[in-house]
Amino acid sequence: MPELPEVEAVVRRFREAAIGASIHSVQIERAGTVAPHLPSEFKSLHGASILRAHRRAKHIFIHLSGDQHLHIHLRMTGNLYVIPDYRLRPHSARVWFRLKDNRSIIYEDSRALGKVHLVTRAQIERIESGLGPEPLEPTFTPMILKAILATSRSPIKPMLLDQTRIAGVGNIYASEALWHSRIHPCTRANQVPVRKISKLHSAIQKVLREAAAGAYAGYQQPGTAIESESFGVSAYGRAGKPCLRCQTPIKRITQAARSTFFCPSCQPC
DNA sequence: TCGATCCTGTAG
DNA sequence: CTACAGGATCGA
């Protein structure tokens with residue numbers, strides 16, 4: 001589910017619900033979600049209060065009292081939210097934090113690929129320093145994108161997923177941005193024509209911004225279908241369906257073991 | 001730079 | 001039953 005806009009929505013909701021709350025206890029239903037930590041290490045969170053939460057790329061960092069920090073990555077199917085009572089938690093709750101006010105913070109993850117880690121401030125800095133620019137921040141300019149593209153000979157679409165180059169673009173929005181900027185996904189990054197670089201830059205921002213607007217309203221708690229991508233999607237998941245610009249059937253290919261969707265007619269090589 | 005891998009769920 | 005899933009890491 002979550003790409004950058006969805007993670008942003010999760011963090012915003014989390015902040016509204018959880019800042020200022022105090023943790024009563026921590027339940028770890030699945031050790032793998034906190035590995036390589038031991039569940040017992042999380043006892044240090046008992047009594048801690050939640051001070052801040054922020055997002056960097058698709059990473060979530062939660063700052064707690066006592067100079068403690070949680071690092072949460074939702075991966076494919078993770079979700080983080082607060083519910084009124086722990087007994088309402090879904091079957092796929094992997095870690096939950098009972099709050100002193102009786103509510104609970106739930107980390108839910110059906111595929112269990114995501115992680116909930118305890119980290120130090122130094123570790124957070126190390127993680128963040130390894131990431132490329134945030135695509136929705138002013139620091140991400142067409143010139144910066146041009147410089148990033150120049151350093152890679154790999155096909156542009158897998159390159160867009162490389163978090164060390166640009167942080168937060170995922171599989172759906174990579175295909176979408178290329179469709180909007182009419183760039184073939186197999187084009188080598190350093191071969192993208194200069195004229196199309198600014199198109200790509202604005203397409204990345206457009207696609208992420210529009211998704212962000214929908215995600216905050218649409219990213220729901222358990223049981224509700226998560227369909228934030230179902231509106232505004234022009235190429236992703238539309239194999240065989242007509243391109244919205246030229247009616248040519250959208251094609252699906254595999255790149256770096258991920259699906260890519262594009263229009264073979266209006267995204268020429 | 002690729003393929004395999006971590007997992008579970010759902011669609012075909 | 002198989003294929004595939006919006007992520008990221010690891011080893012070859």
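So that the names make sense, note that chain A is the first sequence line, chain B the second, and so on, each numbered from 1.
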Filtered N/O pairs between nucleotides 7-11 of chain B and protein, under 3.5 Å:
unit_1 : atom_1 : unit_2   : atom_2 : d
B:dC7  : O3'    : A:Arg30  : NH2    : 3.0
B:dC7  : O2     : A:Arg111 : NE     : 3.0
B:dT8  : OP1    : A:Arg30  : NH1    : 3.4
B:dT8  : OP1    : A:Arg30  : NH2    : 3.3
B:dT8  : O4'    : A:Ser110 : O      : 3.2

Close N/O contacts between protein and nucleotides 9-12 of chain C (under 3.5 Å):
none

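Side-chain contact of A:Arg252 with A:Ser259: a donor-acceptor pair under 3.5 Å is present, judged by distance alone. Counting only N and O atoms by type, the side chains of A:Gln27 and A:Tyr86 include no donor and acceptor under 3.5 Å apart. Side-chain contact check for A:Gln68 and A:Ser44: at least one donor-acceptor pair (N or O, by modelled atom type) lies under 3.5 Å. Between the side chains of A:Tyr107 and A:Asp109, a donor-acceptor pair is found at a separation under 3.5 Å. No hydrogens or angles considered: nothing links the side chains of A:Lys196 and A:Ser181 as a donor-acceptor pair under 3.5 Å.
Within the 4.0 Å cut-off from OP1 or OP2 of C:dA8, at least one side-chain nitrogen or oxygen of A:His73 is found.
Note on residues 15-42 of chain A: pairs passing salt bridge (charged side-chain N to carboxylate O under 4.0 Å, His left out), not counting sequence neighbours, are A:Glu29-A:Arg89.
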Worksheet entry | salt bridge (charged side-chain N to carboxylate O under 4.0 Å, His left out) evaluation trace for A:Lys58 with A:Glu3 | CA-CA 7 Å; A:Lys58 301 167 204 166; A:Glu3 290 196 28; 5.6 Å; no

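Whole-Å rounding puts the A:Met76 CE to B:dC6 C1' distance at 11 Å. Going from atom CG of A:Asn171 over to atom C1' of C:dC4 covers 12 Å, rounded to whole Å. Here C:dG7 presents its P atom at 18 Å from CG of A:Leu80, a figure rounded to the nearest Å. In this structure, the CD atom of A:Gln255 is 15 Å from the P atom of C:dC4, given to the nearest Å. Rounding to whole angstrom units, CZ of residue A:Arg258 and C1' of B:dC2 are separated by 14 Å.
As rounded to the nearest Å, C:dC1 and B:dC6 have C1' atoms that lie 23 Å from one another. Using atom P as the reference point in both C:dA3 and B:dA4, the two lie 13 Å apart (nearest Å).
Residues of residues 158-170 of chain A that place a heavy atom closer than 4.0 Å to DNA chain C, in numerical order, are A:Gln163, A:Gly170.
Hydrophobic cluster of A:Leu131: no remaining members, since no ILVMFWY side chain lies below 4.5 Å from it.
Rounding to the nearest 0.5 angstrom, the gap separating the CZ atom in A:Arg182 from the CD atom in A:Gln267 is 9.0 Å.
Atom NZ of A:Lys199 has 12 or fewer neighbouring heavy atoms from other residues, nucleotides or ligands inside a 6.0 Å radius.
Not one N or O on the side chain of A:Ser152 forms a donor-acceptor pair closer than 3.5 Å with the backbone of A:Ile148.
Here A:His24 and A:His46 keep their ring centres 6.0 angstrom or further from each other.
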Worksheet entry | DNA chain B base-pair string [pairs: Watson-Crick or G-U under 3.5 Å; |: paired with another strand] | ||||||.|||||

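Remark: A:Arg245 qualifies as a cation-pi partner of A:Trp179 under the 6.0 Å distance and 45° angle criteria applied to the six-membered ring.
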